[in-house]
S.K.: 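My questions will all concern the structure given below.
What you see is a predicted model, and the numbers here were worked out from it, not measured in a lab.
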Amino acid sequence: MYCRNEKHRIAFTEAIEKLNKEDYALMSAVYLLTAEYSLWMKAKHKVGQNKIGFDAIKLQNSTENAYTLFCCAKDLYLGTKHITIKDLADKDLIAPKMFKLICNAMAIRRFGLGAVNFNKERSIYND
């Protein structure tokens, strides 16, 4: 499974420990929310009992990456349309590493954690 860094892998693994892993929308959203530490610190208390309270997450002083991750997580979880295909195709708007995270989240949303070979143990192949 591709993770942005070791902090992302650890945060995601810990975050989903008590969540329903069969809820692919939830898993994909949590994957994106945990990808940036500052975003996760704002969101983690709004994730619980197998749901995410997106309306209660405040993004003041967030980076562009955090905003993008938040919007994509919300789109995958709620079916909203904040990020378009055109946005995803724009290299100036979505950096390659962000695109990779979003693609992984879409795979999780569609096929579950097995699609990204999720494993709690650290892999020597993690980026």
S.K.: Do L101 and Y31 touch side chain to side chain, with heavy atoms closer than 4.5 Å?
M.R.: yes
S.K.: What's the shortest heavy-atom distance between T63 and E36, and which atoms?
M.R.: OG1-OE2, 2.8 Å
S.K.: Side chain to side chain contact (heavy atoms under 4.5 Å, CB included) between I16 and L113: does it pass, once the steps are laid out?
M.R.: CA-CA 11 Å; I16 66 167; L113 292 171; 3.9 Å; yes
S.K.: Return the minimal non-hydrogen interatomic distance between I57 and A43, and the atom names on each side.
M.R.: CD1-CB, 3.7 Å
S.K.: Does the side chain of I52 come within less than 4.5 Å of V30's, by heavy atoms?
M.R.: yes
S.K.: Is I10 reachable from L32 through a run of I, L, V, M, F, W or Y residues, each pair having side-chain heavy atoms under 4.5 Å apart?
M.R.: no
S.K.: Is R109 reaching over with its side chain to a backbone N or O of L76, donor-acceptor style, under 3.5 angstrom?
M.R.: yes
S.K.: Is a side-chain N or O of K21 found less than 3.5 angstrom from the main chain of E17, in a donor-acceptor match?
M.R.: yes
S.K.: Hey, what do you get for OG (S38) to CG (L59), rounding to the nearest 0.5 Å?
M.R.: 9.0 Å
S.K.: Taking only residues two or more places apart in sequence, or in another chain, which ones meet T34 in a side-chain hydrogen bond (donor to acceptor under 3.5 Å, both in side chains)?
M.R.: H8
S.K.: For the residue pair A107 and A115, what are the closest heavy atoms and their distance?
M.R.: O-CB, 3.8 Å
S.K.: Taking all heavy atoms of S28 and all of I108, pick out the closest pair and write down the distance.
M.R.: N-CG2, 3.6 Å
S.K.: Do the rings of F54 and Y77 sit parallel, tilted or perpendicular, given the 30° and 60° boundaries?
M.R.: tilted
S.K.: With rounding to the nearest 0.5 Å, note down the distance linking CG in L33 to NZ in K74.
M.R.: 11.5 Å
S.K.: Could you state the interatomic distance from CG (L93) to OG1 (T68), rounded to the nearest 0.5 Å?
M.R.: 6.0 Å
S.K.: Between V116 and F111, is there shared hydrophobic-cluster membership here, with clusters defined by ILVMFWY side-chain heavy atoms closer than 4.5 Å?
M.R.: no
S.K.: According to the side-chain hydrogen bond (donor to acceptor under 3.5 Å, both in side chains) rule, which pairs have a member within residues 44-58, sequence neighbours left out?
M.R.: none
S.K.: In Å and rounded to the nearest 0.5 Å, what is the NZ to SG distance from K100 to C3?
M.R.: 10.5 Å
S.K.: Identify the two heavy atoms, one from D87 and one from I83, that lie closest to each other, and give their separation to 0.1 Å.
M.R.: OD2-CA, 3.7 Å
S.K.: Given side chain to side chain contact (heavy atoms under 4.5 Å, CB included), test Y2 with K97 step by step and report yes or no.
M.R.: CA-CA 10 Å; Y2 172 74; K97 285 187 177 186; 3.8 Å; yes
S.K.: Any sub-3.5 Å donor-acceptor pair from D75's side-chain atoms to C72's backbone N or O?
M.R.: no
S.K.: Rounded to the nearest 0.5 Å, what's the gap from CH2 on W40 to CZ on F12? Could you check?
M.R.: 9.5 Å
S.K.: With a 4.5 Å cut-off on side-chain heavy atoms, are N65 and R4 touching?
M.R.: yes
S.K.: Can you confirm whether V47 sits close enough to L19 that some side-chain heavy atom of one is under 4.5 Å from a side-chain heavy atom of the other?
M.R.: yes
